[in-house]
Amino acid sequence: MSFIPDDQYNEILKCMPIFCVDWLISCKGQYLLLERTQQPLMGNYWIVGGRLKMDETIAVAAYRLQTREVGRYCGVGNMIGFSNYMFDKVEGARATHTPAVSYQVEVDHMFMPELDSTESNYMWTTKLPVQYLTQTTFTQAPKFDGLI
């Protein structure tokens, strides 16, 4: 598999959407959110996810992204919606237009994630990010009690 050099990839990000896959990890009505250290949304809490690589299945992406971001594989789960995120174009932001498919995966206990360098904190909460809710068309809407 060949990869695009970083400088070319950064130019591509400026002129086309990058497809992503997200996981809403839940446990008994609580959702796992991670505080981002990178743009877009640096400093905001968000769900687990990232871009889908060339020739990568959803199952392989689930394993790669979940183990990288929370230190464990939680599963693929069930598809719950499609997002068309358009984030503010700010300095340091790589992908600002990211269509994404969302999956929800239920875990049996609220675990303490092992965060990578793209997150600085986490929380289990009944609240969900407003941009996630407003930019997602849900086929199965999650139950939540507020916005963050």
Side-chain angles (χ1 to χ4, degrees), residues 1 3 9-10 12-14 16-148:
M1 180 183 319
F3 292 98
Y9 185 68
N10 289 332
I12 291 168
L13 290 173
K14 292 177 185 175
M16 70 179 294
I18 302 300
F19 190 79
C20 293
V21 185
D22 291 331
W23 283 272
L24 185 59
I25 298 173
S26 58
C27 181
K28 300 174 186 145
Q30 300 268 324
Y31 302 103
L32 177 62
L33 299 179
L34 309 175
E35 185 177 18
R36 294 180 50 85
T37 62
Q38 298 176 335
Q39 294 291 4
L41 298 175
M42 184 167 61
N44 292 296
Y45 281 87
W46 202 253
I47 61 178
V48 173
R51 71 183 166 106
L52 186 66
K53 292 185 175 184
M54 184 69 179
D55 296 325
E56 186 175 50
T57 66
I58 299 293
V60 169
Y63 183 83
R64 176 179 60 85
L65 292 164
Q66 291 171 19
T67 56
R68 186 192 79 199
E69 292 190 10
V70 298
R72 69 175 60 195
Y73 174 63
C74 300
V76 173
N78 297 310
M79 188 170 61
I80 60 168
F82 180 79
S83 307
N84 189 25
Y85 303 125
M86 292 190 208
F87 299 115
D88 293 337
K89 291 170 179 57
V90 295
E91 185 68 32
R94 288 182 56 144
T96 57
H97 182 184
T98 57
V101 61
S102 285
Y103 289 82
Q104 184 173 359
V105 59
E106 183 78 15
V107 295
D108 59 4
H109 68 282
M110 286 184 265
F111 59 90
M112 183 172 74
E114 297 173 20
L115 304 176
D116 74 346
S117 64
T118 63
E119 292 88 29
S120 61
N121 204 355
Y122 75 95
M123 71 170 138
W124 286 94
T125 180
T126 58
K127 300 180 185 328
L128 290 173
V130 66
Q131 282 186 293
Y132 175 65
L133 295 169
T134 59
Q135 295 189 49
T136 302
T137 300
F138 291 100
T139 57
Q140 297 178 26
K143 294 179 181 162
F144 62 97
D145 73 359
L147 306 172
I148 63 165

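What's counted below: heavy atoms across the whole structure, side chains too, no hydrogens, waters or symmetry copies. Owing to the predicted nature of the structure, the values given are computational and were not obtained by experimental measurement.
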List the atom pairs, donor and acceptor, that lie under 3.5 Å between side-chain atoms in residues 107-114 and the rest of the protein, sequence neighbours left out.
none

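For the residue pair Lys28 and Glu106, the shortest heavy atom distance occurs at N-OE2, 2.9 Å. Nearest heavy-atom pair, Leu41 versus Trp46, reported as atom, atom and distance to 0.1 Å: CD1-CE3, 3.5 Å. Minimum heavy-atom separation, Gly77 to Val105: CA-CB, 4.0 Å. Here the closest heavy-atom approach between residue Glu69 and residue Gly49 is recorded as OE2-O, 2.7 Å. Among all heavy-atom pairs drawn from Pro129 and Tyr45, the shortest one is CG-O, 3.4 Å. Of all non-hydrogen atoms in Leu32 and Tyr122, the two that sit nearest each other are CD1-CD1, 3.8 Å.
Val76 places none of its side-chain heavy atoms less than 4.5 Å from the side chain of Tyr63. Annotation: side chain of Gln30 is in contact with side chain of Thr126 (closest heavy-atom distance under 4.5 Å). Within the 4.5 Å cutoff, no side-chain heavy atoms of Leu24 are placed close to those of Asp22. Between Ile47 and Leu34, the closest side-chain pair of non-hydrogen atoms is not below 4.5 Å. Within the 4.5 Å cutoff, the side chain of Val101 has heavy atoms near those of the Phe19 side chain. The side-chain heavy atoms of Gln39 and Phe87, taken from C-beta on, include no pair separated by under 4.5 Å. Between Leu65 and Arg51, the closest side-chain pair of non-hydrogen atoms is not below 4.5 Å. Using a 4.5 Å heavy-atom cutoff, the side chains of Pro142 and Tyr31 are in contact.
Atom CG in Leu52 sits 7.5 Å away from atom CZ in Arg64 (nearest 0.5 Å). Separating the OG1 atom in Thr137 from the CG atom in Asn84 is a distance of 8.5 Å, to the nearest 0.5 Å. In this structure, Gln131 CD and Ser83 OG are separated by 11.0 Å, a value rounded to the nearest 0.5 Å. The line from CG of Asn121 to CG of Leu33 is 11.0 Å long, rounded to the nearest 0.5 Å.
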Derivation and outcome, side-chain contact (heavy atoms from CB on, under 4.5 Å), residues Ile18 and Tyr85: CA-CA 10 Å; Ile18 302 300; Tyr85 303 125; over 6 Å; no
side-chain contact (heavy atoms from CB on, under 4.5 Å) assessment of Cys27 paired with Trp124: CA-CA 9 Å; Cys27 181; Trp124 286 94; 3.9 Å; yes
Pair Thr118-Gln38, side chain to side chain donor-acceptor pair (under 3.5 Å): steps then yes or no: CA-CA 6 Å; Thr118 63; Gln38 298 176 335; 5.3 Å; no
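There is a side-chain donor-acceptor pair under 3.5 Å between Gln104 and Ser26.
Met79 CE: 12 or fewer foreign heavy atoms inside a 6.0 Å radius.
Phe138 and Tyr132 have perpendicular rings, their planes meeting at more than 60° on a 0 to 90° scale where under 30° would count as parallel.
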